[in-house]
Amino acid sequence: MPTSFQLPEAFLWGASTAAHQIEGMNVNSDFWAFEHSGLLPERFREMSGDACDSYHRWREDMDLLAELGFTDYRFSIEWARIEPAPGEFSNAEIAHYRRMVAGAIERGLRPMLTLHHFTVPRWFDEQGGWESEDAVELFGRFVEAAAPIFASNVDHICTINEPNMVARFAAIRKAVLAGNVWEEVGTDKYDEAATVALINAHRRAVGVIRRLTPHIKVGWSVAIANHHAVDGGELKAAEIASAARDVFVLAADGDDWIGVQAYTRVFVGPDGQLPVPEGAQKTLTGWEYYPPALGESIRSVARLVPRTPIIVTENGIAESDDAVRVAYTSGALAGMRDALAAGIDIRGYYHWSALDNYEWGSFVPTFGLIAVDRKTFVRTPKPSAAWLGAAGQSRAIELISDDLMSESVV
Ligand code: BGC
């Protein structure tokens, strides 16, 4: 049954992107080097190349989002461009991102800036990345140098996107470099040194932002996987959730907000994560189609940090059939609506993603509200974009499917 969902007062309503996934030619970043190293598993060997060419076409992206009705846009700035060599900062790149912030405001889009979305400069990676001794110092220095970008007209900063995925990627990469097969690296492996460094880097960035720009509401965004225990997997599920989620969520206690990023759920047995059950509907990433993921994630985060307001900074689906995107998002938003009704303090929702973009090794999983032609870069909004965007102006959205909460989540 369709139901109308009224957005709360002052609710942020936007779409999200990340620099490496849309800008193109991010040649000085570690991921560009990684794409060319041959270390990625075979099905993830596509190069990011020009991506969506948003480095040049950001105005078009913002025009579309504003025309569609969105009031907010989350995008990231690229450390590898701003600090191409240690301590060498590019005023031109800082000016580029300042123009983007001003351009968003001019169009009626409130920018949320992500300072780190998975990629780092090559030099930072080459000297040991998050595990090097001065990683925290170096990140703090970058944030301080980037301050002119967010000094005015930015109300929200996300310091680090999905630090838990960064820690997981660090563990996988170490294992692969040691000769292990990518797919066989245990799903419960999260690099401990990287975890500690990322939490300290976040705290350092929060300190810099509070000192230089105290008006900004600062937080970070955590990937919430929703671990469902089956066949006696309760202990293992709790163990994975602790390393994969809890330490990163608890580190946000006392921040101005915490970002929830939710897509699906995973099943965990006594020996670890299980494959998606046979017969389950899957998306283009191979994940289970599971709209209640958002409501579940919000509730588990609210249980861990009840004093910290939540912003949904990512939620979406890799699908070629746009009607499925609308159905999925309806179900997810119904879960968010119910969490709001239960009294959870949720301040906004950003859909992932504004554009069909580079999904870390492949352009095949299309998460976008807006399609992008891979050769001409022509943008074409999908019906889901009009449906979701309109709510930014009307402040209400018609949901076509409802949420079914599962009880067994950790
Ligand atoms: C990341 C995005 C990614 C998306 C879908 C999140 O893990 O922040 O960069 O594209 O999920 O996989």
Side-chain angles (χ1 to χ4, degrees), residues 14-24 26 29-32 34-35 40-41 43-44 46 48 51-52 54 61 73-80 112-120 157-172 187 190 198 202 219-226 244-245 248-249 258-266 276 282-291 293-294 297 301 311-320 324-325 328-329 332 349-370 372 384:
S16 281
T17 57
H20 188 75
Q21 295 179 267
I22 62 166
E23 284 184 346
N26 190 17
S29 72
D30 65 328
F31 206 84
W32 180 279
F34 203 53
E35 288 163 29
L40 283 161
R43 64 178 199 288
F44 292 118
E46 217 172 336
S48 54
C52 303
S54 289
D61 299 341
Y73 181 34
R74 171 178 177 241
F75 59 92
S76 74
I77 58 173
E78 186 56 58
W79 184 3
M112 172 189 274
L113 273 200
T114 304
L115 304 182
H116 173 274
H117 195 124
F118 292 169
T119 45
V120 294
I157 283 187
C158 168
T159 59
I160 300 176
N161 178 75
E162 296 191 349
N164 46 348
M165 288 302 107
V166 180
R168 168 134 182 78
F169 190 64
I172 296 179
T187 46
Y190 288 78
L198 286 156
H202 170 59
W220 74 351
S221 295
V222 183
I224 311 292
N226 300 308
R245 178 192 64 194
F248 296 95
V249 170
I258 176 157
V260 165
Q261 314 213 140
Y263 292 92
T264 187
R265 66 174 163 184
V266 291
V276 174
K282 286 192 196 172
T283 70
L284 289 171
T285 39
W287 303 341
E288 187 190 0
Y289 173 91
Y290 190 64
L294 182 58
S297 301
V301 169
I311 300 178
V312 177
T313 41
E314 284 185 26
N315 166 247
I317 180 170
E319 248 300 329
S320 49
V324 178
R325 187 177 336 280
Y328 172 89
T329 308
Y349 175 90
Y350 294 79
H351 193 79
W352 183 270
S353 183
L355 306 171
D356 282 346
N357 61 30
Y358 181 65
E359 179 59 24
W360 308 108
S362 171
F363 282 98
V364 174
T366 42
F367 278 94
L369 295 167
I370 300 170
V372 179
S384 56

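Computation of the quantities below employed the complete heavy-atom set of this structure, encompassing side-chain atoms and omitting hydrogens, waters and symmetry-equivalent molecules. One-based numbering, in listed order, for ligands and for the atoms of each.
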(message) Determine whether the aromatic ring centres of residues Phe248 and Tyr190 are separated by less than 6.0 angstrom.
(response) no

(message) Can you work out which protein residues put a heavy atom within less than 4.0 Å of ligand 1?
(response) Gln21, His117, Phe118, Asn161, Glu162, Gln261, Tyr263, Trp287, Glu314, Trp352, Glu359, Trp360, Phe367

(message) Pair Tyr349, Leu294 - check side-chain contact (heavy atoms from CB on, under 4.5 Å), show working.
(response) CA-CA 11 Å; Tyr349 175 90; Leu294 182 58; 3.9 Å; yes

(request) Could you pull out all residues at least two apart from Tyr350 that satisfy ring pair (Phe, Tyr, Trp, His ring centres under 6.0 Å)? (result) none

(request) Taking only Lys NZ, Arg NE, NH1 and NH2, and the carboxylate oxygens of Asp or Glu, determine whether Glu162 and Arg168 approach each other closer than 4.0 Å. (result) no

(request) Answer yes if the side chains of Thr17 and Tyr73 hold a donor-acceptor pair under 3.5 Å, and no otherwise. (result) yes

(message) Testing the 3.5 Å rule here: is there a donor-acceptor pair between the side chains of Thr283 and Glu319?
(response) no

